[in-house]
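First listed ligand is number 1; within each ligand, the first listed atom is number 1. Predicted model, so just to flag it, every value in this text is computed and none were measured. Every heavy atom of this structure was used, including side-chain atoms; hydrogens, water molecules and symmetry mates were not.
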Amino acid sequence: MQNLNKNCEHCGQDFSISEGELALYKKVDIELPTLCFSCRIKLHQSFWMFGKFRKGKSDLSGESLITVLPEKTRYPIYISTEWYGDKWDAMDYGMDYDEKEPFLKQMQTLQEKVPHPHHNGAKNTNCDYCDDVWTSRNCYLSRSMVDCEYLMYSYRNIRVKNSIDVTICFDCEKCFNCSDCYHSFKIFYSEHSRDCIDSYFLYDCRNCINCFMCWNLRNKSHCIENVQYSKEEYDKKIKSFQLGSYDSIQEHKKHFKEIIKNKVVHRQNFNFRTSNSDGNYLVDDKNCHNCNTIDNSEDCYNILRATKDKSCIDAGGCFYSELMGNTSCCVNGYAEKYCLWSPSRYSEYLEICIECEYCFGCVGLKKKKYCILNKQYTKEEYEILRDKIITDMKKRGEYGKFFPYPMSAGPFNFSTSFLYFPETKKEDILKLGGYWEDIKESHIEGMPTSELPDDIKDVPDNITTQALICPETGWRFNVAENELIFYKENNIPLPRYHFDVRTKNQLKYLTILQAYPYKCFYCEKDIEAYYPPEWNYQKIACEECYKQNIA
Ligand SMILES: [Zn+2]
Ligand SMILES: [Zn+2]
């Protein structure tokens, strides 16, 4: 059997469906995609707001709330505890099916009436200025985290404490400006490192203590640029580096970038303990293909961000799920097709439906069965009407497609999708009926960050009362009191850019979904690696050579 060739309805590029994909599409029982892989992910992730934190009011109680949903929401917003409560019923918005109208148009009408929760997350203490946060305490202006404490301006972390500006880290404490780091304490400006302590500018290091500007290093202490020093020499050198000065940190960062380009041996991918799998950031996976940031999963294709998935295809943000197809952000799902934010079973075209089964085209339902457009039917009625709708949708070429851009959560450029596809053009999204917003805050008064003292030691304590203006976005931001204490304690200069700009800059290096052809730096065999050619990385190693030479 040969690959099946198709043409993408959104970008016009040709794409192919492999034999393995075809088999899984059949098993999951969904229609074949009409979009290429990138356009599928792009659409899915546009329903997950990254957003800009703002204050608002509940459309139920009028109570104030903090959300990343846009100012002009397309539907009423309730505080999530109200949304999960019993003061309203999504069934009140039930609609009859109209065979003359496209089904997804009808669903959009329903979607725009049904209230949506103001944020994602539960079981937190003092985490109001956060989104997608679970069992965490005292976090501030951060998104996507589990079991975190005293975390600020951070994204996608698990069990991280007392840290600032960290992205995709696990089990870290007192860290600053780190990404993809594990089990580390007091490391700063570091990437892809594990089990390190009291160090700066590490790249792919393990079990290092008191190291500075090191790469591919294992089990060392008191090294600078991979050269061994005595403790005394090391301490003396570190003092001379002026780490409290913003200008000098910029120089170190520039130097670090050159090292990353020219000296670091880069792993072909960041996969650990996988078998018959390909993609990036795979951990303990079996038979997973073209996947990214997924662990403990098997028999999957084209998955982005997941844990414990089985037999899923074209899904993003679906955790602990099985037999999911063309679906986004559904946790604990089973046999869901074309669904969004719905922990449910045996259903199609659901949005924010909780623990439902055998439902079709519903929004905001909880624990329901045999519903269509939020109306209750008997099992027999449900099956007949569902089959009729599917037949009508097939005639219109609607069936099997994910929710279209006009149904997305808000401006594309404030969605998670934009983190993965920052090059996306406004006009392309508008053409597809999506949304875009250029937030300008030039009217806001504040101090340009260029006027801040260069060295943290010269920063007065009352800086926390001063509004600062980001030179890139013109957005206002502040230095919080705890934050200033952290910087002074750790001799870190004040950041000059808005925290969302800082997060996005870190994410640029962690969101590459496409592999590029390279030759292994050691054995020269052809490999695929997740580094765009424009990064100019000189030494990329195949898995075997990396293991042999770096370990
Ligand atoms: Zn495409
Ligand atoms: Zn090699």
**Report entry** Angle in degrees, rounded to 10°, that SG of Cys36 and SG of Cys8 form at the Zn ion (ligand 1)
**Finding:** 120°

Query raised in the report: Is the Tyr189 to His252 ring centre distance short of 6.0 Å?
Result: no

Query raised in the report: Do Ser144 and Asp132 have side-chain atoms, one donor and one acceptor, less than 3.5 Å apart?
Result: yes

Query raised in the report: From His10, does some N, O or S atom reach closer than 2.8 Å to the Zn ion (ligand 1)?
Result: no

**Report entry** Angle, SG of Cys520 through the Zn ion (ligand 2) to SG of Cys542 - 10° precision
**Finding:** 110°

Query - the Zn ion (ligand 2): angle it makes with SG (Cys545) and SG (Cys523), nearest 10 degrees - result: 110°

**Report entry** Donor-acceptor contact present, side-chain Gln538 to main-chain Asn536, <3.5 Å
**Finding:** yes

Report task. Test the Arg194-Phe272 pair against the cation-pi criterion, namely NZ or CZ under 6.0 angstrom from the six-membered ring centroid and within 45° of the ring axis. Result -> yes

